[in-house]
Amino acid sequence: MNLSVQLPGLSLKNPIMPASGCFGFGREYSEFYDLNVLGAVMMKAATGEARLGNPTPRVAETSAGMLNAIGLQNPGAEKIVQTEVPFLRQFNIPIIANVAGSSIEEYERVVTVLNRSDDIAAIELNISCPNVKEGGIQFGIDPQMAATVTERVKAISNVPVYVKLSPNVTSIVAMAQAIERAGADGLTMINTLTGMQINLQSRKPVIANKTGGLSGRAIKPIAIRMIYEVRQHVDLPIIGMGGIERAEDVLEFLYAGADAVAVGTANFQNPLVCPEIIEQLPNVLKRYGFSSVKEATGVAHR
Amino acid sequence: MNLSVQLPGLSLKNPIMPASGCFGFGREYSEFYDLNVLGAVMMKAATGEARLGNPTPRVAETSAGMLNAIGLQNPGAEKIVQTEVPFLRQFNIPIIANVAGSSIEEYERVVTVLNRSDDIAAIELNISCPNVKEGGIQFGIDPQMAATVTERVKAISNVPVYVKLSPNVTSIVAMAQAIERAGADGLTMINTLTGMQINLQSRKPVIANKTGGLSGRAIKPIAIRMIYEVRQHVDLPIIGMGGIERAEDVLEFLYAGADAVAVGTANFQNPLVCPEIIEQLPNVLKRYGFSSVKEATGVAHR
Amino acid sequence: MKKRHMMTVIANDEVALETFELVLHNKVIAKEAKPGQFLHISVPGHTLRRPISIADVEREKGEVTILFKVVGSGTNQLATLQEKETVDVLGPNGSSYPFDSLQKGDTVLLIGGGIGVPPLYFLAKTLYEKEVNVQCILGFQSKEYVFYEEQFVQIADVQIVTDDGSYGAKGLVTDVIAEVAPFKQYYSCGPLPMLRAVKEKLANRDGYLSFEERMGCGVGACYACVIPTNDAVGYKKICSDGPVMRASEVNI
Amino acid sequence: MKKRHMMTVIANDEVALETFELVLHNKVIAKEAKPGQFLHISVPGHTLRRPISIADVEREKGEVTILFKVVGSGTNQLATLQEKETVDVLGPNGSSYPFDSLQKGDTVLLIGGGIGVPPLYFLAKTLYEKEVNVQCILGFQSKEYVFYEEQFVQIADVQIVTDDGSYGAKGLVTDVIAEVAPFKQYYSCGPLPMLRAVKEKLANRDGYLSFEERMGCGVGACYACVIPTNDAVGYKKICSDGPVMRASEVNI
Ligand SMILES: Cc1cc2nc3c(=O)[nH]c(=O)nc-3n(C[C@H](O)[C@H](O)[C@H](O)COP(=O)(O)OP(=O)(O)OC[C@H]3O[C@@H](n4cnc5c(N)ncnc54)[C@H](O)[C@@H]3O)c2cc1C
Ligand SMILES: Cc1cc2nc3c(=O)[nH]c(=O)nc-3n(C[C@H](O)[C@H](O)[C@H](O)COP(=O)(O)OP(=O)(O)OC[C@H]3O[C@@H](n4cnc5c(N)ncnc54)[C@H](O)[C@@H]3O)c2cc1C
Ligand SMILES: Cc1cc2nc3c(=O)[nH]c(=O)nc-3n(C[C@H](O)[C@H](O)[C@H](O)COP(=O)(O)O)c2cc1C
Ligand SMILES: Cc1cc2nc3c(=O)[nH]c(=O)nc-3n(C[C@H](O)[C@H](O)[C@H](O)COP(=O)(O)O)c2cc1C
Ligand code: FES
Ligand code: FES
């Protein structure tokens with residue numbers, strides 16, 4: 001069974017990788033399994049400077065999902081390149097750096113720092129984090145601004161740039177098309193849907209930031225729909241995510257048009273979810289009549 | 001315990017009503033309980049002419065939710081006024097007519113027909129059904145078009161007009177504000193989120209229409225967030241919906257800013273869900289320190 | 001008033017490959033059920049109920065039997081039910097196979113495919129008690145999937161066909177229709193392609209078909225389960241007007 | 001490598017109002033667990049695991065005891081666990097109460113509030129075995145919520161306070177701190193306002209606090225559970241750096 005997938009900058013031995021923000025910089029999960037089994041790894045968001053993120057509580061559980069408002073807490077791009085990338089380099093897997101910021105200049109600053117490392121295979125441009133108030137969200141919901149930040153980052157990045165789409169938009173296709181025209185190498189989708197939970201006792205939102213991003217199984221139908229729609233109008237490769245828990249889910253994402261997938265929230269319930277999916281994927285592909293990942297990609301469009 | 005709520009055109013003895021499309025015209029559920037216990041009833045969408053709707057399958061189950069693409073099947077406004085409204089009139093509850101269409105003219109035509117009945121307490125303007133392809137969806141995602149159809153319907157309707165918001169938009173507040181300015185009497189929210197499920201065996205979307213609207217518990221955090229946001233910027237009364245299953249859920253919607261609520265998908269699992277919620281609501285209100293529904297409304301904003 | 005019923009599991013056995021026979025206790029349903037009707041079964045953790053036909057009743061004992069094939073997460077969960085556990089159901093729902101026009105000594109044909117066979121057993125048993133002669137053609141994928149043959153042979157003439165010929169004749173139910181004795185009426189239940197073939201083959205005969213469709217409410221309120229009809233309205237609801245429809249009225 | 005552990009339920013009993021004592025079997029965890037650490041427990045049908053402190057271990061028997069209060073749907077479900085059922089856990093997770101510096105004959109103070117009491121029992125027992133003198137102040141809402149008093153009195157000097165005075169002294173744990181014998185170190189676990197009050201009251205003393213926060217991963221990867229600290233980094237993670245922290249290092 002051929003699980004390999006070739007994408008711009010990413011030679012994946014299988015299409016499974018942990019999603020950004022749900023896997024830190026890999027250290028914790030490397031205590032559960034050898035990260036070498038992964039197709040790639042998506043690091044937690046990097047910003048220009050260290051950020052302390054939002055006040056707590058930062059997470060809440062919902063039906064078949066969860067809300068989070070971490071607020072991009074991270075040690076800053078410099079520190080990540082100095083201490084986290086070297087840790088991940090020991091594994092023989094492509095490292096994808098998730099880049100966030102509050103201004104185009106900050107995005108550029110982060111990419112400039114990341115450029116200094118030879119160990120980053122691709123950039124995931126996070127224009128869609130709904131939990132940062134300073135304006136980061138604006139990039140993700142306006143096609144023109146998304147295009148501008150994509151162009152500026154593309155102009156300086158040493159490695160291919162994947163842009164991460166927010167589902168909190170009226171037209172996901174318009175966003176994807178603007179980003180394609182701006183020269184992106186790929187798309188990753190979807191980020192979380194903005195939601196809220198209110199505690200009946202305290203009478204306040206559970207999450208200190210009030211709103212948080214909804215992830216997990218609950219959002220899978222929305223992710224599938226958006227990937228399906230984008231695949232019909234855009235030629236860029238897509239790394240799909242949103243509620244994946246099992247190898248069968250991976251297949252559904254491939255059918256919809258994803259070339260590879262990322263697993264986020266499911267890591268919390270099962271730290272071994274990625275290696276388990278990788279192990280089961282060949283059987284599931286075979287059961288449904290495929291002899292490679294590539295064969296299953298986009299079949300729902302045929 | 002005072003459960004009553006007064007809204008434009010609607011004198012509700014309690015804030016619970018079945019949501020449009022999940023309760024037909026009440027006949028089926030009237031075999032399970034006396035509809036008199038309800039706060040009100042929202043009828044299935046009415047269009048200018050009879051519609052046969054979409055091909056089947058029309059529903060799919062998802063994690064903590066479901067997709068539907070019924071496609072506005074209904075016998076047409078005339079028939080509804082002639083045969084369904086008279087049936088519902090026997091109960092002593094306000095009847096809310098859900099109005100859909102593919103053009104402004106069709107919306108007007110439906111309202112003109114409804115005007116002939118004295119038994120309709122309010123109109124719910126369904127500009128947000130994601131399953132009609134002819135353009136109906138356009139009204140729900142563009143503030144200007146939403147405002148136009150609201151104005152035109154307001155101009156001719158004999159009864160207050162509540163506009164039903166689609167969650168498939170970048171800014172729910174912009175939509176609500178445009179509709180408020182256009183003279184609507186209230187808002188109902190949220191309609192379903194567009195989603196898709198793909199059958200691994202057939203390699204095709206499960207729903208014949210390909211996409212369907214996601215409803216049920218999965219979407220509750222999105223509904224709560226949107227109601228909370230709209231409540232901060234708009235003064236219109238809100239009838240909230242999206243994943244309500246229990247009296248505790250009702251309280252969360254009230255906290256977020258809803259004045260009353262509607263129960264949709266939950267009727268399918270439990271035909272008695274509305275009377276059960278109505279029965280439990282006083283205890284739940286009391287447990288959290290309230291002596292009326294009104295007191296609980298909007299408390300998360302205080 | 002209709003209500004949600006709690007049914008208690010009496011037995012749950014695998015009677016053929018991936019096929020379970022679940023016997024449930026509830027006096028009201030056992031008393032009211034008619035052949036062709038279904039139960040709309042709640043499966044914990046699932047948004048939608050599962051429609052499953054009633055395969056048999058023991059009215060005195062208050063027992064209702066259903067037979068289901070494990071095809072997904074809902075039926076998978078039903079397969080794990082243990083004696084004494086309870087199941088939340090709506091029902092009996094829907095229309096039934098009409099047979100009031102039949103007399104003692106009349107002959108009928110029942111044509112069932114796979115998991116469409118169960119409601120026909122309830123019908124066969126009912127007709128047998130009316131002393132109507134029942135001929136059955138029952139189609140299955142293969143030998144391992146055959147169930148209830150013994151039960152049927154006690155009350156009917158039975159011909160079994162399998163897709164792969166591993167049991168009975170090889171072929172489709174429609175391949176052997178020509179061989180049956182003259183009959184007054186036919187009744188069928190099975191996958192849509194089979195029903196289409198049956199309807200075509202018996203185009204000039206009076207018969208009833210029972211349909212499957214994905215359901216929302218299961219009681220007629222949501223319009224999920226419509227089927228095109230030849231009348232002025234243009235559709236019927238499988239859950240409430242059906243699942244049993246006269247072959248001539250549907251447009252399939 | 002770390003792994004998911006399956007633990008088998010040995011017993012599950014309500015030991016005080018809404019408070020359950022769940023005894024689980026797993027040799028690895030029983031062997032490795034240190035006082036202050038927690039189990040991150042999977043509850044079927046829930047997206048997130050529930051962190052619950054280890055309250056006791058019987059290393060030889062391979063038994064691990066946790067005590068939890070039913071406050072929501074997860075703990076409600078845990079309360080229904082029956083003997084022989086299995087529970088999927090990660091653990092033992094997090095930091096533990098340090099006590100290597102303590103000598104036989106030293107005296108310490110343990111201050112627990114409500115559902116913060118359980119980890120202190122494991123600590124008290126461990127220190128008792130080291131022949132350290134343990135004084136405990138344990139606070140509960142009211143009499144019905146008091147648990148493990150008998151267990152504590154066998155190994156420690158215990159003072160119980162309740163919010164309403166229905167058992168022990170009326171008041172807060174901090175109200176009675178002044179009355180205890182001199183101690184070398186203190187250890188506390190309970191709701192944040194209590195920990196704040198304890199830290200303030202014992203500002204000039206060396207002590208350790210154990211914190212609660214809503215968790216995502218429970219292993220240090222998601223940054224859900226941070227707490228501000230006074231060092232250059234500015235935060236620590238409660239699930240992996242904590243839950244036990246030196247009182248002086250946190251900024252609460
Ligand atoms: C009137 C009627 C009578 C039926 N009688 C029987 C019976 O006696 N024995 C039996 O084994 N099966 C019967 N079926 C089919 C049975 O309902 C499905 O096999 C079952 O719902 C599958 O559920 P699942 O969760 O295992 O499968 P999944 O594929 O996981 O189900 C997902 C969703 O699709 C629906 N679904 C999937 N397949 C079907 C189907 N064929 N028909 C309707 N809904 C479907 C499910 O109800 C659920 O909502 C009947 C269906 C209908 C409409
Ligand atoms: C390190 C640590 C040790 C703990 N030890 C114990 C213990 O020994 N005994 C005990 O009864 N409780 C303990 N708790 C609290 C316990 O985790 C919560 O009471 C429990 O998670 C509530 O789950 P629920 O589903 O019943 O409540 P819900 O309110 O329905 O839970 C909803 C979500 O909020 C989280 N949550 C709710 N309350 C808390 C809380 N106080 N702390 C952390 N997360 C919370 C839940 O984990 C879940 O993700 C501990 C918490 C932490 C962080
Ligand atoms: C706790 C948490 C933190 C996240 N942090 C980030 C982040 O830093 N950058 C980012 O692009 N996405 C972040 N995400 C979004 C995920 O990468 C992913 O797009 C989303 O959760 C949907 O996938 P899932 O349903 O598998 O979790 C985060 C998600 C969660 C749950
Ligand atoms: C089967 C089905 C049919 C629906 N039909 C309509 C409709 O005709 N008009 C409308 O405004 N909303 C319709 N809706 C949307 C519901 O009224 C409601 O807004 C939505 O389902 C969210 O609420 P819930 O999660 O409680 O179902 C339909 C929903 C379902 C599930
Ligand atoms: S399933 Fe709702 S009308 Fe048939
Ligand atoms: S819960 Fe994820 S870092 Fe602590």
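Within every chain, numbering begins at 1; the chains are lettered A, B, ... in the order of the sequence lines, protein sequences first and strands thereafter.
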### Message
Using side-chain heavy atoms (C-beta onward) and a distance below 4.5 Å, is B/Pro271 in contact with C/Val219?
### Response
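Not in contact.
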
### Task
Among the options B/Gly216, B/Gly65, B/Ala64, pick out the one with the most heavy-atom pairs lying under 4.5 Å from chain C.
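It is B/Gly65.
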
#### Entry: Proximity breakdown for C/Leu90 and chain B, heavy-atom pairs closer than 4.5 Å
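Just the side chain, heavy atoms under 4.5 Å.
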
### Shortest non-hydrogen contact from B/Phe23 toward C/Ala221
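In this case the closest contact between B/Phe23 and C/Ala221 is C-CB, 4.0 Å.
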
### Message
Which residues pass the side chain to side chain donor-acceptor pair (under 3.5 Å) test with C/Tyr148, not counting sequence neighbours?
### Response
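Testing C/Tyr148 for side chain to side chain donor-acceptor pair (under 3.5 Å), a comparison that skips the adjacent residues, returns C/Glu21.
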
Can you list every donor-acceptor pair under 3.5 Å that links chain C to chain B?
unit_1, atom_1, unit_2, atom_2, d
C/Lys2, N, B/Glu31, O, 2.6
C/Lys2, NZ, B/Glu31, OE1, 3.2
C/Arg4, NH1, B/Asn270, OD1, 3.1
C/Ser42, OG, B/Gln269, OE1, 2.5
C/His46, O, B/Gln269, NE2, 3.0
C/Thr47, N, B/Glu61, OE2, 3.1
C/Thr47, O, B/Gln269, NE2, 3.1
C/Thr47, OG1, B/Gly65, N, 3.0
C/Thr47, OG1, B/Gly65, O, 3.0
C/Leu48, N, B/Glu61, OE2, 2.8
C/Arg49, NE, B/Gln269, O, 2.7
C/Arg49, NH2, B/Gln269, O, 2.6
C/Arg50, NH1, B/Glu61, OE1, 3.2
C/Arg50, NH1, B/Glu61, OE2, 2.7
C/Arg50, NH2, B/Glu61, OE1, 2.8
C/Glu213, OE1, B/Thr56, OG1, 2.9
C/Ala221, O, B/Gly24, N, 3.1
C/Tyr223, O, B/Arg58, NH1, 2.7

### Task
Could you tell me whether C/Glu14 atom CD has more than 12 heavy atoms of other residues or ligands within 6.0 Å of it?
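Result for CD/C/Glu14: enclosed.
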
#### Entry: C/Tyr167 atom OH: more than 12 heavy-atom contacts under 6.0 Å
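Counting neighbours around OH of C/Tyr167, 12 or fewer heavy atoms of other residues, nucleotides or ligands fall under 6.0 Å, so no.
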
#### Entry: ring-ring contact (aromatic ring centres under 6.0 Å, His included) involving C/Tyr145 - partner list, sequence neighbours excluded
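Partners of C/Tyr145 by the ring-ring contact (aromatic ring centres under 6.0 Å, His included) criterion come out as none, since no residue qualifies.
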
### Query
With a 4.5 angstrom heavy-atom cut-off, which part of B/Phe32 approaches chain C: side chain, backbone, both or neither?
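Contact with chain C: backbone and side chain both.
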
### Message
Checking C/Asp175 now: which residues fulfil salt bridge (charged side-chain N to carboxylate O under 4.0 Å, His left out) with it, not counting sequence neighbours?
### Response
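Testing C/Asp175 for salt bridge (charged side-chain N to carboxylate O under 4.0 Å, His left out), a comparison that skips the adjacent residues, returns none.
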
